[in-house]
Asker: 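Dropping a structure here in structure tokens format, bear with me for questions.
Lettering of chains follows the sequences in order, A, B, ..., and the numbering in each one begins at 1. Predicted model only: the values in this text are computed from it and were never measured.
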Amino acid sequence: MERLRRHAPGARDRRFPPAPRSGPGPGDDGARGGRGARRDRPGRPREGRPLSATALPPRFEPGPIEARWQEAWQRLGTFRAPDRPSAPPFALILPPPNVTGILTIGHMLGDTVMDVLVRRQRARGRAALWLPGTDHAGLSTQVEVRRRLQKEGVDFGALPREEAVARVQAWKDEHEPRIREQIRAGGFSVDWSRYRYTLDPASARATRVAFVALFDAGLLYRGERMVNWDPRLETAISDLEVVHREEETELLYVRYPWADGSPGGIEVATVRPETIFGDVAVAVHPDDERHRAEVGRSVRVPIVDRIVPVITDPSVDPEFGAGALKITPRHDPVDREIFLRHPDLAEPDEIFDPRARLLGPGVPAELRGLGREEARKRTTERLAADGLLLRRERHRHSVARSERSDAVIEPRLSTQWFVRMRPLAEPVEQAVRRGEIRIWPERWRRTFDRWMEELQDWCISRQIVWGHPVPVDYCRACGRTIASVERPTECPGCHGRELAADPDVLDTWFTSWLWPFAALGWPEPTADLARYYPTSVLVTGRDIMFFWVARMMMAGYRFAGARPFSDVYLTGMVRDAEERRMSKHLGNSPDPIAVIRERGADAMRFALVFPNPTDDDGPFGTASLDGGRNFLTKLWNLVRFTVGHLPDGLAPPRAPPSLGPGSLLENRWILARYHRTAGSVDEALEAFQVTRAATDLHGFVWHDLADRYVEIAKEALAGRRGEPARRETEATLAFVLERTLRLLAPFVPHVTEELWHALPHDGELLATAPWPSAAEVAPDPSAETAIAPVLEAIRLFRNLRAEEEVPLDASPAAWIRPAGDDGARLLAAESATIVRLARLGRLELLTPDAPAPPGSASRVAPEAECYLERPATSPRKVDALARERERLASLLAKARSRLGDDGFRHRAPPQVVEEAEAKARELEERIGRIDRHLEEAAKA
RNA sequence: GGGCGCGUGGUCUAGCGGUUAUGACGUCACCCUGACACGGUGAAGGUCGCCAGUUCAAAUCUGGCCGCGCCCA
């Protein structure tokens, strides 16, 4: 008590210069609200002791703390990567989010993982660069702007190109600050001085250079191919932007009558009757007996009466429908393939316009201009009216939709630019096979490999305005295709001056895939590129593994001549309370800014990495946020307690306290536990196991440090175990806590920074403090072993108290019978601790042959037998002991049956047999003791 | 249709040949204890999806089945 008073005010006065605390803010006195009212209830006067015993306010308020440190880090340039690093670099790029989008909690997960990795490496002395950026997200941004303008009554499609671009640009300018603010608010240690944007001039140059290089290498081609056409957005999209979903539709059985007028015809099953106008043939399987006689005959296409042949093709599935397939080569990829295998078939007419409305000479006039839905309905009606509709069936099948607009994809022949992927893929496949690029968690390797094997060419041209133009001109005179970095003024072939620029823009990913080097300055030979490429690790969501990660690898080898990163860490998807993936699309992600404002960035960050694994899909919600907040509050109070109990001017812990044989067991133990924790955190983070590291730290802080160590150490800190013990304990606590804050800093940087400044420490900022080495402390397994019986005794006495309903304010007498001499010495030495933590009146050691103290309840541990004086009112029951006996008996039965098995005795390793025997002996012995206790209890 | 992955107390999860199966949340009981009720102490709760097999020994390895998810067509 006296000591507390002596030291606490001093502690309150301690200010470390770099702490930009601006004095107690609102709420700092903590004596408000329900809790304060309860605490100050009558009968418990609080006068006479310092209200706030520490430099830290009683209540943890993240808001002001986070704002203050973010500002300080920014002002001091803490996260600015060195221009001339003297240390080995550790670089990573922030996957550039959509510049006009809102970050989701999923982004925060990836960002937190990255921050943990990069802050640790920075602390380990690496030249750390975390490069932030944003993506122009061509299609999705244009779609968004188009939708907004539509609400204002402006038809985006009708705007001149320049104006359309200007509109999107305005939208981007308006939104860019918001996304930057979101990244900032999370406390992520990015280097803002290197911020890049995928549509800035340097990115434009990189994009053009890459395009021209591929073009010159013959890896680009332009041609009329079947592409995924989004009729709502009126552009081609890549395979990856298409999502397949099972949907219920109607399967129609239609009769195609014989051309020669003979009765009957061939029965064709289709889900797309409206494409009938594009039919060029009906195909059956060559081995299909049912149709053998029909091959070579001709049929009339219903409604239009065009005459087409019946052909054979092995790709027809004889099981589907009636085994006959109508062939519409312009609107189905499979049909296209079949068509190309039959050169004698007539070239089909186009039957849809770019919005997928029926069009063209082959379409009956009354159906022209109809959308697909309506066209299908009307065609079906016509077929029925003509008596050609044989039957209709419900049918589930996979429907391709545009990821962006949700429109049903119309496979369509159109002229587009493509990248030949096969040659680009090879170095990547090798790199992954050789382990030059590692994928974490490893289980995604297979998925990755398989996708690489089946790689399709990549359609990169888009019929939109927002993006980098395809850097190609066409000579009007000679028709030459000119791809060049600078726009040409004349045709290099015929010197014609009339050039037409390609009207399309490039897929956004065509810029993004260059990002690891383009963001560092490529194609210019910049200093950053030389120093920070290849980057170290890429962290991103699994959902863009193919879109982005795989393509970056290809681009890295192709353009930068090296892997873009050595490791890929794929995070899981964050789910909402209903288990749905959080996505911008669903709008079910809370705004990170709101979460941060309400709970703090640190709480959010911790909730994202603990307890659900960062590489698995998992829920995020108030429960996890509460967990994060609770942990931070625990930490806060732990430091607050510590600060209040350390003497003024205690030297910063430059080295662990040197503990000798006379040292307190708890001090040796907590150092040993710290050593173990620091080691396992390192091990976990080296293997990208962020959650394991967080879990270890959480358990260490809460259970070892707070629940056990501090509770035991209170006695020494209060000076009741002598001056040397107090000094040793102070030094140990100060050391362990300071190091623990450094280990926690990458996860929860703000609160740890704040707390660190309240403790004795070296250096200006926790954010730049070195990463602690576990090796600084020697392992001490004997301390860990020695403390176990003490903790177990405390647990059993507490257990007995609860069991026997001992009132809280009672201090019953207790007895303990140690199992051996070592145990006796140890328990004698630590008996004060046991007495205090179990709230005992006194604790006597019993000799092995001493009788059970009368009127006592007992429990039996391997190392000791514990007896507790029963209160007069105690319920007379021995359930716990009896239940324990039962449990041990079943274990013993299992152990005995194993030992009775000859196979086990002969084939198991001797060590295992010995262990089993020892265990059985121990169990027998313990059961024997329990039986004795039960007898005694029965007698009493 | 093809491929990949996952099933562990009510929920989420660790463990991945020999452990008395880990932890978090939730539940129950007692408690405002000189850091913390966003807390403390104690307790209850699991035949590790099912069935075979391999093995002296299976939550852990193999096969089949069931259920769920993801990717690709």
Asker: How would you label the contact of A:Lys919 with the nucleic acid (heavy atoms, under 4.0 Å): base, sugar-phosphate, or nothing?
Answerer: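 Sugar-phosphate: the residue A:Lys919, judged by heavy atoms under 4.0 Å, touches backbone atoms but no base.
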Asker: Roughly how many Å apart are B:C16 and B:U8, using the C1' atom of each and rounding to a whole number?
Answerer: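 It comes out at 12 Å once rounded to the nearest Å.
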Asker: From the options B:U20, B:C4, B:A35, select the nucleotide whose nearest atom is closest to the side chain of A:Glu922.
Answerer: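 So the nucleotide nearest the side chain must be B:U20.
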Asker: Give a yes or no on whether a donor-acceptor pair under 3.5 Å exists between the nucleobase atoms of B:U33, that is its base, and the side chain of A:Arg839.
Answerer: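 Indeed, a donor on one side and an acceptor on the other fall under 3.5 Å apart.
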Asker: Any N or O donor-acceptor pair linking the side chain of A:Arg926 to the base of B:U20 at under 3.5 Å?
Answerer: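 Such a pair exists between side chain and base.
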Asker: What's the gap between B:C25 and B:U13 when it is taken at their P atoms, as a whole Å value?
Answerer: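 These two P atoms come out 16 Å apart once rounded.
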Asker: Report the nucleotide, chosen from B:U20, B:G39, B:C56, that has the shortest atom-to-atom distance to any side-chain atom of A:Arg907.
Answerer: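 Of B:U20, B:G39, B:C56, B:C56 is nearest to the side chain of A:Arg907.
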Asker: How close or far is atom C1' of B:A44 from atom CZ of A:Arg883, stated in whole angstroms?
Answerer: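 Rounded to whole Å, this separation is 9 Å.
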Asker: Write down the distance separating the C1' atoms in B:G40 and B:A52, rounded off to the nearest Å.
Answerer: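 Looking at atom C1' only, B:G40 and B:A52 are 49 Å apart.
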Asker: State the pairing partner of B:G53; accept Watson-Crick or G-U wobble contacts with both distances under 3.5 Å, and report none otherwise.
Answerer: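 Per the H-bond distance test, B:C61.
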Asker: Could you tell me the Watson-Crick or G-U partner of B:G26, where both distances fall under 3.5 Å? Say none if there is no partner.
Answerer: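 Because no pair has both required distances under 3.5 Å, B:G26 counts as unpaired.
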Asker: Rounded to whole angstroms, how far apart are CG on A:Leu56 and P on B:C36?
Answerer: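 Atom-to-atom, A:Leu56 to B:C36, this comes out as 13 Å.
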Asker: From the set B:U55, B:A35, B:G23, return the single nucleotide nearest to any side-chain atom of A:Val710.
Answerer: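 Closest nucleotide to the A:Val710 side chain: B:A35.
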Asker: Report the residue from A:Glu454, A:Glu429, A:Glu453 that forms a salt bridge (charged side-chain N to carboxylate O under 4.0 Å, His left out) with A:Arg422.
Answerer: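 Looking at A:Glu454, A:Glu429, A:Glu453, the match for A:Arg422 under the salt bridge (charged side-chain N to carboxylate O under 4.0 Å, His left out) is A:Glu429.
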Asker: Cation-pi between A:Lys634 and A:Phe60: NZ/CZ under 6.0 Å from ring centre and within 45° of the ring axis?
Answerer: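 Relative to the ring axis of A:Phe60, which defines the angle, A:Lys634 lies outside at least one limit.
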Asker: Pick base, sugar-phosphate or nothing for A:Ala623, based on heavy-atom distances below 4.0 Å to the nucleic acid.
Answerer: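 It contacts nothing in the nucleic acid.
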Asker: With rounding to whole Å, what would you report as the distance between B:A59 and B:G2 at their P atoms?
Answerer: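 So the two P atoms sit 32 Å from each other.
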Asker: In terms of the nearest nucleotide of RNA chain B, which residue is placed more toward the 5' end: A:Ser398 or A:Thr633?
Answerer: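 Nearer the 5' end of the strand: A:Thr633.
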Asker: Taking only the P atom of each, what is the distance from B:U60 to B:A21 in whole angstrom?
Answerer: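 Their P atoms lie roughly 15 Å apart.
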Asker: Touch check for A:Thr447, heavy atoms < 4.0 angstrom, all strands: base, sugar-phosphate only, or nothing?
Answerer: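 Counting heavy atoms under 4.0 Å across all strands, the contact made by A:Thr447 is with sugar-phosphate only.
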Asker: To the nearest angstrom, how far is A:His244 atom NE2 from B:C70 atom P?
Answerer: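 Rounded to the whole Å, the gap is 15 Å.
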Asker: Could you give the CD-to-P distance, from A:Gln456 to B:C72, as a whole number of Å?
Answerer: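 So the CD-P distance, A:Gln456 to B:C72, works out to 12 Å.
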Asker: Applying a 4.0 Å non-hydrogen cut-off, can you work out what A:Pro613 is touching in the nucleic acid: base, sugar-phosphate, or nothing?
Answerer: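 It contacts sugar-phosphate atoms only.
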Asker: Counting only side-chain N and O atoms of A:Lys714, is one of them less than 4.0 Å from OP1 or OP2 of B:A35?
Answerer: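 Yes, A:Lys714 has a side-chain N/O under 4.0 Å of OP1/OP2 on B:A35.
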Asker: Is it true that A:Glu247 and A:His397 share a donor-acceptor pair across their side chains at a distance under 3.5 Å?
Answerer: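 There is no such pair (donor and acceptor under 3.5 Å, judged by atom type) between the side chains of A:His397 and A:Glu247.
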Asker: In whole angstrom, give the distance that lies between atom CD1 of A:Ile439 and atom P of B:G5.
Answerer: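 Going from CD1 in A:Ile439 over to P in B:G5 covers 14 Å.
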Asker: Has the side chain of A:Arg795 got a donor or acceptor atom sitting under 3.5 Å from an opposite partner on the base of B:U41?
Answerer: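 In this structure, the two groups form no donor-acceptor pair.
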Asker: If the condition is side chain to side chain donor-acceptor pair (under 3.5 Å), which residues does A:Thr571 pass it with, not counting sequence neighbours?
Answerer: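 Per chain and number, A:Thr571 pairs via side chain to side chain donor-acceptor pair (under 3.5 Å) with no residue.
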Asker: Any donor-acceptor pair under 3.5 Å between the side chain of A:Glu803 and the base of B:A29?
Answerer: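 Looking at the base of B:A29, it does not pair with any donor or acceptor on the side chain of A:Glu803 (distance under 3.5 Å).
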Asker: Toward the 5' end of RNA chain B, which comes first, A:Asn637 or A:Asn630, by nearest nucleotide?
Answerer: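 Taking each residue's closest nucleotide, the earlier one in sequence belongs to A:Asn637.
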Asker: Does this structure show an ion pair linking A:Arg336 with A:Asp332, if we count only N-O contacts that are shorter than 4.0 Å?
Answerer: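 No salt bridge links A:Arg336 with A:Asp332.
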Asker: Tell me: CH2 of A:Trp444 to P of B:C6, nearest whole Å?
Answerer: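 Taking CH2 of A:Trp444 and P of B:C6, I get 9 Å after rounding.
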Asker: So what does A:Asp707 touch, heavy atoms closer than 4.0 Å: a base, only the sugar-phosphate, or nothing?
Answerer: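 Here A:Asp707 touches the backbone only, sparing every base.
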Asker: Any strand counts, and the cut-off is 3.5 Å on both contacts for Watson-Crick or G-U wobble. Which nucleotide pairs with B:G1?
Answerer: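 Matched B:G1 with B:C72 under the 3.5 Å cut-off.
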Asker: Roughly how far apart, to the nearest Å, are B:G3 and B:C65 at atom P?
Answerer: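 Approximately 12 Å lies between the P atom of B:G3 and that of B:C65.
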Asker: In whole angstroms, how far is the C1' atom of B:A29 from the CG atom of A:Leu808?
Answerer: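 It is 13 Å, rounded to the nearest whole Å.
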Asker: Could you state the atom-to-atom distance from CG of A:Asn799 to C1' of B:U41 in whole Å?
Answerer: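 Rounded to whole Å, this separation is 10 Å.
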Asker: Answer with base, sugar-phosphate or nothing: what part of the nucleic acid does A:Arg542 contact at a heavy-atom distance below 4.0 Å?
Answerer: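 A:Arg542: no heavy atom of the nucleic acid under 4.0 Å.
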Asker: A:Arg450 side chain: which of B:A24, B:A35, B:G2 is closest?
Answerer: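 Nearest nucleotide to the side chain: B:G2.
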Asker: Quick one, A:Leu888 and A:Glu884 - any side-chain contact, counting heavy atoms below 4.5 Å?
Answerer: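 Result yes, sub-4.5 Å side-chain heavy-atom pair found.
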Asker: Please tell me which of the listed nucleotides, B:A35, B:C56, B:C38, lies nearest to the side chain of A:Ala706?
Answerer: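 Minimum distance to the A:Ala706 side chain belongs to B:A35.
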Asker: Kindly say if A:His397 contacts the phosphate of B:G1, meaning a side-chain N or O under 4.0 Å from OP1 or OP2.
Answerer: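 So the side-chain polar atoms of A:His397 never come under 4.0 Å of the phosphate oxygens OP1 or OP2 of B:G1.
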Asker: Just say parallel, tilted or perpendicular for the rings of A:Phe631 and A:Trp702, cut-offs at 30° and 60°.
Answerer: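 Because their plane-to-plane angle is under 30°, the rings of A:Phe631 and A:Trp702 count as parallel.
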Asker: Scan every strand shown for a Watson-Crick or G-U wobble partner of B:G7, both distances under 3.5 Å, and answer none if you come up empty.
Answerer: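 Matched B:G7 with B:C66 under the 3.5 Å cut-off.
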Asker: So if I take every side-chain heavy atom of A:Arg640 and compare against B:C4, B:A35, B:A14, which nucleotide ends up nearest?
Answerer: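 My answer, after comparing the listed nucleotides, is B:A35.
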Asker: Taking 4.0 angstrom as the limit, do A:Arg721 and A:Glu715 come out as a salt bridge?
Answerer: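 Here A:Arg721 does not pair with A:Glu715 in a salt bridge, since their nearest N and O are not under 4.0 Å apart.
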Asker: If we take the C1' atom in both B:G49 and B:C66, what is their distance in whole Å?
Answerer: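 It works out to 8 Å between them.
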Asker: Can you tell me which nucleotide in B:C38, B:U41, B:U20 comes closest to the side chain of A:Arg798?
Answerer: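 Output: B:U41.
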Asker: Any base atoms under 4.0 Å from A:Asp626, or only sugar-phosphate, or nothing? Heavy atoms, all strands.
Answerer: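 The answer is nothing, as A:Asp626 stays clear of every strand by at least 4.0 Å.
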Asker: Scan A:Glu711 against the nucleic acid and name what it touches under 4.0 Å (heavy atoms): base, sugar-phosphate only, or nothing.
Answerer: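 Result for A:Glu711 = base.
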Asker: Using the C1' atoms only, state how far B:U47 lies from B:G9, rounded to an integer number of Å.
Answerer: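 Per the computed distance, 12 Å lies between those C1' atoms.
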Asker: How are the rings of A:Phe747 and A:Phe606 set to each other: parallel, tilted or perpendicular (split at 30° and 60°)?
Answerer: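 The arrangement is perpendicular - the two ring planes meet at more than 60°.
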Asker: Identify which nucleotide among B:G5, B:A35, B:C12 has an atom closest to any side-chain atom of A:Arg446, counting heavy atoms from C-beta outward.
Answerer: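 Comparing B:G5, B:A35, B:C12 against the side chain of A:Arg446, the answer is B:G5.
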